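Notes to accompany the following structure.
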Amino acid sequence: MDQTSRDHRTQRILATVDCIPHGRVATYAQVAREAGLPGLARFVGHVLAGLPSGSRLPWHRVITASGHISSRPGTGPDQQRAKLGTEGVRFSRSGRVNLKVWAWDPTAPG
DNA sequence: AACATGACTTTCT
DNA sequence: TAGAAAGCCATGT
């Protein structure tokens with residue numbers, strides 16, 4: 001895999017994450033699919049892991065397929081959970097997001 | 001090339 | 001709903 005291709009895919013991932021609307025969430029796999037990289041859910045995680053702390057990207061809208069928040073190095077899940085909370089995303093009693101309700105629908109207009 | 005690791009997903013119990 | 005195991009892809013050593 002060339003460096004160029006790697007950056008290309010990275011850009012796709014970043015662009016897709018940036019497309020997640022306010023108050024919605026998307027799974028890693030979903031982001032990968034929308035980016036044209038099906039099956040590269042883990043790659044999305046790698047890309048997000050490389051984002052700076054002050055990135056403007058809505059990385060907090062990316063969660064696991066179970067509606068859970070993945071443990072990331074350094075900061076705890078509270079940060080992401082709080083960010084989603086300010087956007088109106090409600091969490092289940094078990095600390096999960098109901099993807100049936102809050103999942104981002106790329107096919108929907110707007 | 002082989003092994004280990006990770007912000008993952010799916011399937012089974 | 002919750003936990004364990006297997007599968008998948010990219011990266012670093």
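The chains referred to below are lettered A, B, ... by the order of the sequence lines, with proteins before strands, and numbering in each begins at 1. Computed from a prediction, not measured in an experiment: that's the story for all the values here.
- In this view, A/Gln80 and A/Arg72 satisfy the side-chain hydrogen bond (donor to acceptor under 3.5 Å, both in side chains) rule, not counting sequence neighbours.
- For residues 87-96 of chain A, the set of pairs meeting the salt bridge (Lys or Arg N to Asp or Glu O under 4.0 Å) definition, not counting sequence neighbours, comprises A/Arg61-A/Glu87.
- At a non-hydrogen distance threshold of 4.0 Å, A/Gly39, A/Leu40, A/Arg42, A/Phe43 from residues 28-53 of chain A come into contact with DNA chain C.
- Contact annotation: A/Arg9 does not reach the phosphate of C/dC9 (side-chain N/O to OP1 or OP2, under 4.0 Å).
- Legend: residues meeting side chain to side chain contact (heavy atoms under 4.5 Å, CB included) with A/Ala41, ordered by chain and number and at least two apart, are A/Tyr28, A/Ala29.
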Let me check something: any side-chain donor-acceptor pairs from residues 99-109 of chain A under 3.5 Å, sequence neighbours excluded? List them with distances.
from	atom 1	to	atom 2	distance (Å)
A/Asp105	OD1	A/Thr107	N	3.2
A/Asp105	OD1	A/Thr107	OG1	2.6
A/Asp105	OD2	A/Thr107	OG1	3.3

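- Under the 4.5 Å side-chain criterion, counting only non-hydrogen atoms from C-beta, A/Leu84 is in contact with A/Val25.
- Listed by residue number, the members of residues 61-72 of chain A with any heavy atom below 4.0 angstrom from DNA chain B are A/Thr64, A/Ala65, A/Ser70, A/Ser71, A/Arg72.
- With a heavy-atom cut-off of 4.0 Å to chain A, the contacted part of DNA chain B has its first and last nucleotide at B/dG6 to B/dT10.
- Between A/Thr64 and A/Ile69, the closest side-chain pair of non-hydrogen atoms is not below 4.5 Å.
- Between B/dA7 and C/dG7, the two P atoms lie 22 Å apart (nearest whole Å).
- For A/Thr27 (side chain) and A/Gln30 (main-chain N/O), a donor-acceptor pair under 3.5 Å exists by modelled atom type.
- A/Gln79 is linked by a side-chain hydrogen bond (donor to acceptor under 3.5 Å, both in side chains) to nothing, counting only residues two or more places apart in sequence or in another chain.
- In this structure the side chain of A/Thr16 never reaches within 4.5 angstrom of the side chain of A/Val44, judged on heavy atoms.
- Residues A/Leu40 and A/Arg9 have side chains in contact (heavy-atom distance under 4.5 Å, counting atoms from C-beta outward).
- Under the side chain to side chain contact (heavy atoms under 4.5 Å, CB included) criterion, A/Thr10 pairs with A/Arg6, A/Leu14, A/Phe43, A/Val47, not counting sequence neighbours.
- The salt bridge (Lys or Arg N to Asp or Glu O under 4.0 Å) contacts involving residues 26-52 of chain A comprise nothing, where partners must be two or more places apart or lie in separate chains.
- Counting only residues at least two apart or on different chains, the salt bridge (Lys or Arg N to Asp or Glu O under 4.0 Å) pairs with a member in residues 18-31 of chain A are A/Asp18-A/Arg56.
- Of the residues in residues 95-102 of chain A, those lying under 4.0 Å from DNA chain C by heavy-atom distance are A/Arg96.
- Put simply, CZ on A/Phe91 is 18 Å from C1' on C/dT1, counting in whole angstrom units.
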